[in-house]
Asks: 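Okay, handing you the structure first.
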Amino acid sequence: MLNSVIFLGRKNCIFSKKLHILLKKNSKKLLYVENLNKNKKNNLNKINNFDYLFSFRSYQILKRQTLKKINNLAINFHPGSPKYRGIGCTNFAIYNNEKIYGATAHLIDDKIDHGKIIDVVEFKIKEKDSLEKLLNKTHKQMFILATKVIKNIIKDRNYYSNTRLKYKWSKKLWKRKDLERLCKININDSSQLVKKKIRSTNYKSYKPYILFKNYKFKLC
């Protein structure tokens with residue numbers, strides 16, 4: 001049983017709900033912070049005296065003063081391999097024709113996707129995997145990883161300190177401007193490049209686009 005836990009999850013995410021249930025059963029005190037969307041971030045500046053923080057699919061970027069208030073561990077479950085830090089990791093993995101992808105559990109520090117790696121799960125990317133299919137696969141595997149890590153901490157609070165993994169974070173941090181550049185299809189792009197960009201960026205309301213004479217045309 002964990003004494004006190006903050007869990008950062010995402011609204012309408014079945015895996016966040018399942019992790020919430022797991023933590024509720026195994027915590028004496030639990031604060032669940034659910035992001036409504038990426039533009040409405042919850043203020044955690046007033047929290048105090050919690051032992052653990054777990055972040056799963058949360059938009060919340062934690063500041064140093066918030067992290068200092070966590071007594072033991074702050075852990076993020078990142079939807080990407082250590083090779084891919086930042087935003088749009090799945091997009092760039094498809095674009096770069098990666099055969100293996102993954103999810104990463106790591107300690108949170110004051111930099112993005114930078115803290116000590118606790119555990120990694122890996123799986124194959126199939127040639128016919130769409131961006132949506134790969135995202136769904138990533139979130140499922142990330143949930144399995146999160147469940148494993150949380151259960152291990154419940155059994156042994158110090159288990160993470162004994163992990164010795166071969167994985168290291170990449171120096172490259174993918175940013176919003178990189179993803180925006182990937183979504184842009186240029187008039188002179190080859191048909192092969194256009195297909196790559198569409199496959200790696202076409203997802204729900206997020207669409208690749210063409211700029212032509214100050215007009216923006218999105219894929220429908």
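None of these values were measured; they are calculated from a predicted model.
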Asks: Tell me the salt bridge (Lys or Arg N to Asp or Glu O under 4.0 Å) pairs involving residues 137-148, sequence neighbours left out?
Replies: D119-K148, D129-K137

Asks: So which residues get pulled into I210's cluster when ILVMFWY side chains under 4.5 Å apart are joined, directly or through others?
Replies: I185, I187, V194, I198, F212, Y215, F217, L219

Asks: Can you list the other members of the hydrophobic cluster that holds L173, where links are side-chain heavy atoms under 4.5 angstrom apart?
Replies: I112

Asks: Under the salt bridge (Lys or Arg N to Asp or Glu O under 4.0 Å) criterion, do D51 and K28 qualify, and how do the steps go?
Replies: CA-CA 11 Å; D51 291 331; K28 294 179 181 178; over 6 Å; no

Asks: State the CG-OG1 distance between N48 and T66, to the nearest 0.5 angstrom.
Replies: 10.5 Å

Asks: Are any of the side-chain heavy atoms of F15 and R57 separated by less than 4.5 Å?
Replies: no

Asks: Please check if atom NZ in K216 has more than 12 non-hydrogen atoms from other residues, nucleotides or ligands closer than 6.0 Å.
Replies: yes

Asks: Please check if any side-chain donor atom of K207 sits under 3.5 Å from a side-chain acceptor atom of N202, or the reverse.
Replies: yes

Asks: Side chains of L179 and W174: does their closest heavy-atom pair fall under 4.5 Å?
Replies: no

Asks: Take atom NZ of K172 as the centre, draw a 6.0 Å sphere, and report whether it contains more than 12 heavy atoms from other residues, nucleotides or ligands.
Replies: yes

Asks: Identify all side-chain donor-acceptor contacts of residues 93-106 below 3.5 Å with residues at least two apart in sequence or on another chain.
Replies:
| unit_1 | atom_1 | unit_2 | atom_2 | d |
| --- | --- | --- | --- | --- |
| N96 | ND2 | Y84 | OH | 3.1 |
| N96 | ND2 | F92 | O | 3.1 |
| E98 | OE2 | K83 | NZ | 2.6 |
| E98 | OE2 | Y84 | OH | 2.6 |
| Y101 | OH | P79 | O | 2.9 |
| Y101 | OH | T90 | N | 3.2 |
| Y101 | OH | T90 | OG1 | 3.3 |
| T104 | OG1 | G80 | O | 2.7 |
| H106 | NE2 | N76 | ND2 | 3.1 |

Asks: In chain order, what residues pass the ring pair (Phe, Tyr, Trp, His ring centres under 6.0 Å) check against F54, with sequence neighbours excluded?
Replies: none

Asks: Which atoms form the tightest heavy-atom contact between P82 and V120, and what is the distance?
Replies: CG-CG2, 3.9 Å

Asks: Can you list the residues that meet the ring pair (Phe, Tyr, Trp, His ring centres under 6.0 Å) rule with H139, with sequence neighbours excluded?
Replies: none

